[in-house]
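Counting starts at 1 for both ligands and their atoms, in listed order. Below, all heavy atoms of this structure are taken into account, side chains as well, without hydrogens, waters or symmetry copies.
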Amino acid sequence: GRLGARKTDCDREVRMTVKSILAEKGTEVLTIGKETTVSEAVALLAKHRIGALVVTDNGGSIRGIISERDVIRHIAEDGVGALNQPVATVMTANVKVCTESHTVNDVMEIMTRGRFRHMPVERAGKLIGVISIGDVVKRKIEETEREAEQIKQYIATA
Ligand code: AMP
């Protein structure tokens, strides 16, 4: 019925936000200071099986992001000596962040346009999580499958 359909739409809106992704994966974020060496950053990326680290200052404000791609480019340009340098020389300082109320589609579009696969999530200037393209795609696929199932059921009972 009409009410049922509206409730489903509402649930969908909630399910398709950054907030709901964080609720599922948690809000733990690995951060490093900008004096951390690239080789220490590489060790952390490997240990935690992730692709990027958020660089913060002592107050916890975001100063940059360093991904495996930055490390590869830096080594290609400067050789393995790059590993001894501080992450400040490698990181991207102009970080695009999102909030919990961004939708999965918003984030997909921002990541696609900017050609990056990670986004820190901020609430009132504080870092409260990171979402990756993997989280976004997973949620999008789940949602698409759920919708297809609902449409099939609707057709079957029509
Ligand atoms: P990635 O696809 O996340 O490995 O990152 C590709 C490039 O984009 C690297 O140079 C990163 O430093 C940079 N990058 C990653 N995430 C962001 C972000 N949220 N905002 C701006 N640059 C980013």
What do you reckon, is CZ of Arg123 surrounded by more than 12 foreign heavy atoms closer than 6.0 Å? no
Donor-acceptor pair, distance only, cut-off 3.5 Å: does the side chain of Ser61 make one with the backbone of Asp57? no
Numbering the atoms of ligand 1 from 1, which are under 4.0 Å from a heavy atom of Asn94? 21 (C)
Which atoms from ligand 1 have a heavy atom of Arg117 less than 4.0 Å away? 1 (P), 2 (O), 3 (O), 4 (O)
Salt bridge between Glu149 and Arg146, side-chain N to carboxylate O under 4.0 Å? no
Does ligand 1 have any atom that is closer than 4.0 Å to a heavy atom of Val95? yes
Can you list the atoms of ligand 1 that are under 4.0 Å from a heavy atom of His118? 1 (P), 3 (O), 16 (N), 17 (C), 18 (C), 19 (N)
Within ligand 1, which atoms have a heavy atom of Asp70 less than 4.0 Å away? 9 (C), 10 (O), 11 (C), 12 (O)
Would you mind checking which non-hydrogen protein atom is closest to atom 20 (N) of ligand 1, with the distance to 0.1 Å? Lys96 N, 2.9 Å
Close-contact set for ligand 1 against Thr92 heavy atoms, below 4.0 Å: 10 (O), 11 (C), 12 (O), 13 (C), 22 (N)
Nearest-contact summary for atom 5 (O) of ligand 1 - protein heavy atom, Å: Ser67 OG, 3.4 Å
Closest heavy-atom pair, Ile21 versus Ile131, reported as atoms and distance to 0.1 Å, is CG2-CG2, 3.9 Å
Taking atom NZ as the centre, does Lys34 end up with more than 12 heavy-atom neighbours from other residues, nucleotides or ligands that are less than 6.0 angstrom away? no
Inspect the contact between Glu109 and Arg113 and indicate whether a charged nitrogen and a carboxylate oxygen are less than 4.0 angstrom apart. yes
Identity and distance of the protein heavy atom lying nearest atom 14 (N) of ligand 1: Phe116 CB, 3.5 Å
In ligand 1, the atoms that come under 4.0 Å of a heavy atom of Ile65 are 12 (O), 14 (N), 15 (C), 16 (N), 17 (C), 23 (C)
Where ligand 1 meets Pro120 - atom numbers and elements under 4.0 angstrom, heavy-atom basis: 19 (N)
Do Cys98 and Met119 have side chains that approach each other closer than 4.5 Å (heavy atoms only, starting at C-beta)? yes
Does the side chain of Ile155 come within less than 4.5 Å of Lys152's, by heavy atoms? no
